[in-house]
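Below you'll find the structure, written out as structure tokens, and then a few comments.
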Amino acid sequence: MTGRTSIHGQWSSRMAFILAATGSAVGLGNIWKFPYITGDNGGGAFVLVYLLCVLLIGIPIMMAEVLIGRRGRQSPINTMRTLAHEESQHGIWQMIGWSGMIAGFLIISFYSVIAGWALAYVFRTAAGVFAGVTADGAASIFSGLVSDPERLLAWHTIFMVMTMVVVSRGVRSGLEKAVRILMPLLFLLLLLLVGYAMNSGKFAEGLAFLFTPDFSALSAGAVLTAMGHAFFTLSLGMGAIMAYGSYLPKSVSIAKTSVVIALMDTAVALLAGMAIFPLVFANGLEPGAGPGLIFQTLPLAFGHMAGGTLFGTLFFLLLTFAAWTSAISIIEPAVAWLVENRRVNRIKAATIIGVAAWLMGIVTIMSFNSWAFEFTFAGETKSSGLFDVLDILTANIMLPLGGLAMAMFAGWYMSERSTADELDLGEGLLYQGWRFLVRFVAPFAVMVVFLRLLDVI
Ligand code: PFF
């Protein structure tokens, strides 16, 4: 049973898996989404809930997802079918794989559009467009981009092709090397930005916004968003980490690697927040500016610091790379499934998924201009129409439900013998602690948040 191997190959080492999974986790979610949803949801209390979710729900579910993947060694759908059978459980568990694949398809469709913004900004920054820019100038450059569907389509197309090319070549070649260099560089640039923010005159205010919890500003909707974001940012609940886990050598410790990945992911998000909020306050901007937040604030820093054109170009380039390594993992479950079940090669599989997601991306593109509409969800007004619908449906609903199901499967439906064997933590406190978290704490927390939102409790 445990001697199974994946037909898609294996990571060459523990480090390779950490890099690939960190590449998946660290992306637009950390640098683009975390700051703007923190701004939208009032800061400190939201951040605290997010951190608690990472610790108590995210890390245990990441361990569950990796262990399920490694035990099944196939695409999430087939892994779930095999394990359900092996553990004498109902075949319905493969729904985890199906719903994950659908979530991945929806996520990649908007993820690629936003990654296109980052790509567009590489060229704008390199051309010196932001030199000496004012807050109003940066805002109008951003709105010029998002109100132009043709431009958005062009960048979205380029990004989708980049993703398809890497996925067709297989997750291993290239990815390991790229992440090994780019991840540390991204970290360094974020530190540089935090350094700049320290001198903006509003560093203390930025930190206070991020780290001083004001629970009166915390709605049920904000708690759901914080929890959904913990799943999104750690790439959990849809099978991406399960697929990556299926390529993990048996000798690697799932617990240690999961903790390392979650720590790095959280560090990047917090650094992004520490770079952005001081600038928001120093320039009299609105923390709740929405999805354009980093695209309107960071150009102000790059436009005024020494070497800003160079650093800015590099930053948006790295952001694009971070998005790229995440995008690859988002379509991996579907590609692996097509290869296993439809007997197509990776190139064909990646093309099928890529073209379908590219078409779907048009919905997101139009939602920032012609198709924009407002609606209210959990007491919050959203103004980017279908983009917000897709975001809420995937991050706030499908990923937490997927993660909940994985936690239940690993905690209640797999035998202790199987999970203990995969985790290899012994029978002691660590293993029992994990089991308690996936059996009780994580499912309970996810359910409470949903019930609260539905006004049941
Ligand atoms: N974790 C990625 C980010 O924070 O940008 C996004 C993501 C990747 C979500 C993979 C879901 C996923 F399966």
Side-chain angles (χ1 to χ4, degrees), residues 19-38 50 53-54 58-59 61-62 65-66 68-69 75-76 96-97 99-118 159 163 166-167 171 175 179 182-183 186 190 225-246 258 261-262 264-273 291 294 318-337 353 357 390-403 406:
L19 288 169
T22 310
S24 166
V26 174
L28 295 171
N30 307 61
I31 295 170
W32 159 74
K33 192 173 181 191
F34 172 72
Y36 98 73
I37 57 176
T38 298
Y50 151 75
C53 289
V54 167
I59 294 177
I61 291 187
M62 181 179 284
E65 193 167 337
V66 177
I68 292 173
S75 65
I96 292 182
S99 90
M101 205 161 86
I102 297 167
F105 170 73
L106 297 176
I107 292 174
I108 192 65
S109 76
F110 68 78
Y111 205 82
S112 167
V113 174
I114 313 290
W117 298 357
F159 186 81
T163 305
V166 177
V167 176
V171 279
L175 184 65
V179 180
L182 298 171
M183 229 13 108
L186 180 66
L190 277 173
T225 307
M227 182 180 78
H229 187 64
F231 283 94
F232 184 84
T233 191
L234 295 173
S235 307
L236 297 179
M238 57 147 275
I241 288 294
M242 195 187 288
Y244 276 16
S246 75
S258 300
I261 295 161
M264 292 207 271
D265 185 75
T266 309
V268 172
L270 294 179
L271 284 178
I294 68 158
L318 290 169
L319 180 59
T320 307
F321 271 108
W324 200 10
T325 54
S326 302
I328 291 163
S329 74
I330 300 174
I331 61 175
E332 180 61 20
V335 169
W337 179 77
I353 309 289
L390 284 176
D391 175 37
I392 291 172
L393 178 66
T394 52
N396 295 7
I397 299 174
M398 295 179 85
L399 300 188
L401 287 181
M406 290 176 198

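Hydrogens, waters and symmetry mates play no part in the numbers below; they use all other heavy atoms, side chains included. Just so you know, ligand 1 is whichever comes first in the structure, and atom 1 is the first atom listed for that ligand.
The contact shell of ligand 1, taken as protein residues with any non-hydrogen atom closer than 4.0 angstrom, comprises Ser24, Ala25, Gly27, Leu28, Gly29, Asn30, Tyr111, Phe232, Thr233, Ser235, Met238, Ala240, Ser326, Ser329, Ile330.
Under the side-chain contact (heavy atoms from CB on, under 4.5 Å) test applied with Met183, the options Val268, Leu318, Val26 reduce to a single match, Val26.
By the side-chain contact (heavy atoms from CB on, under 4.5 Å) test, Ser99 is found to be paired with no residue, residues two or more places apart in sequence or in another chain being considered. Remark: Trp117 engages Phe142, Phe295, Phe368 in a ring pair (Phe, Tyr, Trp, His ring centres under 6.0 Å) (not counting sequence neighbours).
Between the side chains of Ser235 and Ser24, a donor-acceptor pair is found at a separation under 3.5 Å.
Listed by first and then second residue, the side-chain hydrogen bond (donor to acceptor under 3.5 Å, both in side chains) pairs that reach into residues 101-110 come to none, sequence neighbours excluded.
In this structure, the ring of Phe159 has its center no less than 6.0 angstrom from the ring center of Tyr111.
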